[in-house]
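Let me begin by presenting the structure, written as structure tokens, before commenting on it.
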Amino acid sequence: MPPPANDPLVLALPKGRILDEVRPLLHRVGIEPEPAFDDPKSRALSFGTNLPFVQIIRVRSFDVATFVAFGAAQLGVCGNDVLMEFDYPEIYAPLDLGIGRCRIAVAEPVEMVAKDDPSRWSHVRVATKYPEITKRHFAARGVQAECIKLNGAMELAPSLGLSQRIVDLVSSGATLKANGLVEIEHIADITSRLIVNRAALKTRHPEIQNWVDRFRDATNAA
Ligand code: PRP
């Protein structure tokens, strides 16, 4: 382990179910967060670890990319859905961690599927957290997508008349099913990546490269 830099290394992790998969990975790379990290009642957002020079922050997955892009965190874990949506030039994503596997897909109400013909669409209205991915997906075949930006619960949009279609993450498919929706187009497979601030990789190279190598070894060992 190289000697620590003066500033602590900040690792940004996403809230939510992905954290269950990140947790064993942390253990394998030798990072043990303070007990509050695993306490569901804790309102803390920043956590110390067994390593005095490593600090963890827990934020929304979109915000992991923002913290890392602006150099407020040097390392992070986020899905390639986030990287595809924002395409931050300051972020380098050297490692697919193979966790958080899901897909991003177009879905519509089950009763629409039989009479719908996607090859005839020229314009679609879509509720989504991913307007850029959605517009690119449809533009590639000459379809104009009008996106209504939501931050969650996209599956409600069709039944309440906000839009007939949604673009969202699908994992087990249970949320679509519970809301009467069917996946009709696959856009991309998603996994979580280790991301690095490019400037920090240059200025703190041995330290950050060491962490990338550790995460790679831990991922290969899983
Ligand atoms: C995600 C996604 C879907 C759901 C899909 O939301 O937006 O709603 O998971 O998973 P499933 O196919 O296994 O049902 P999440 O629960 O992560 O919460 P969010 O809406 O806050 O993103």
Side-chain angles (χ1 to χ4, degrees), residues 11-26 37-45 56-69 73 76-88 91 93 96-113 118 124-138 145-195:
L11 169 64
L13 297 178
K15 288 180 178 181
R17 29 179 158 166
I18 184 74
L19 214 49
D20 291 342
E21 290 182 78
V22 172
R23 197 66 183 77
L25 196 58
L26 287 183
F37 184 76
D38 295 313
D39 176 359
K41 292 204 197 85
S42 170
R43 301 292 299 158
L45 300 170
I56 291 174
I57 59 169
R58 194 165 57 194
V59 297
R60 287 170 190 266
S61 63
F62 277 37
D63 296 339
V64 167
T66 308
F67 275 89
V68 174
V77 171
C78 80
N80 56 317
D81 53 325
V82 179
L83 302 178
M84 286 166 66
E85 181 67 19
F86 292 104
D87 198 19
Y88 283 115
I91 291 180
D96 185 342
L97 297 168
I99 58 175
R101 282 184 194 281
C102 58
R103 55 199 181 273
I104 184 162
V106 185
E108 67 181 19
V110 63
E111 59 276 11
M112 270 181 68
V113 176
V124 282
R125 184 193 264 203
V126 180
T128 185
K129 195 156 82 167
Y130 303 98
E132 294 306 320
I133 294 173
T134 302
K135 282 184 215 157
R136 277 204 303 272
H137 171 72
F138 285 108
E146 177 194 346
C147 295
I148 300 176
K149 176 88 179 356
L150 292 177
N151 295 307
M154 270 69 72
E155 294 85 355
L156 281 174
S159 65
L160 296 177
L162 200 53
S163 67
Q164 289 183 315
R165 296 167 187 102
I166 67 166
V167 165
D168 194 13
L169 297 181
V170 182
S171 178
S172 65
T175 311
L176 289 183
K177 194 161 186 234
N179 290 281
L181 302 174
V182 177
E183 188 178 339
I184 54 165
E185 286 179 12
H186 174 278
I187 298 181
D189 289 322
I190 305 298
T191 47
S192 292
R193 313 295 162 107
L194 182 70
I195 62 170

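Nothing here was measured: the structure is a model prediction, and the numbers come from that model. Indexing begins at 1, ligand by ligand and atom by atom, following the structure's order.
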Check Asn80 against Ile190 and note the closest heavy-atom contact, atom names and distance. OD1-CA, 3.2 Å

Say whether Gly16 and ligand 1 are in contact under the criterion: heavy-atom distance to a ligand atom below 4.0 Å. no

Considering both backbone and side-chain atoms of Asp168, is one of its nitrogen or oxygen atoms within less than 3.5 Å of a nitrogen or oxygen in ligand 1? yes

Pairwise side-chain contact, Val77 with Leu25, heavy-atom cut-off 4.5 Å (strictly under): no

Using side-chain heavy atoms (C-beta onward) and a distance below 4.5 Å, is Asp189 in contact with Arg101? no

Which of the ligand 1 atoms, numbered from 1, are nearer than 4.0 Å to a heavy atom of Thr175: 4 (C), 5 (C), 8 (O), 10 (O), 11 (P), 14 (O)

Which of parallel (below 30°), tilted (30 to 60°) and perpendicular (above 60°) describes Phe62 and Phe86? perpendicular

Glu155 heavy atom under 4.0 Å from ligand 1: yes

Should Arg23 and Phe37 be marked as a side-chain contact (heavy atoms from CB on, under 4.5 Å) after you check the CA-CA gap, both sets of side-chain angles, and the distance that decides it? CA-CA 10 Å; Arg23 197 66 183 77; Phe37 184 76; 3.7 Å; yes

Measuring only between side-chain heavy atoms, which start at C-beta, is Leu97 closer than 4.5 Å to Thr191? no

Which of the atoms of ligand 1 are close to Leu169, meaning less than 4.0 Å from one of its heavy atoms? 2 (C), 3 (C), 5 (C)

Does the protein place a non-hydrogen atom closer than 4.0 angstrom to atom 18 (O) of ligand 1? no

Show me which atoms of ligand 1 lie under 4.0 Å from any heavy atom of Lys129. 22 (O)

Between Met112 and Arg165, is there a side-chain heavy-atom distance shorter than 4.5 Å? yes

Min N/O separation Gly173 to ligand 1 under 3.5 Å: yes

For Ser172, take its heavy atoms, then give the atoms of ligand 1 lying under 4.0 Å from any of them. 11 (P), 12 (O), 13 (O), 14 (O)

Minimum-distance protein heavy atom relative to atom 10 (O) of ligand 1: Arg17 NH2, 2.9 Å

Side-chain contact, heavy-atom cut-off 4.5 Å: Ile18 with Ser61? no

Hey, is atom 21 (O) of ligand 1 touched by any protein heavy atom at less than 4.0 Å? no

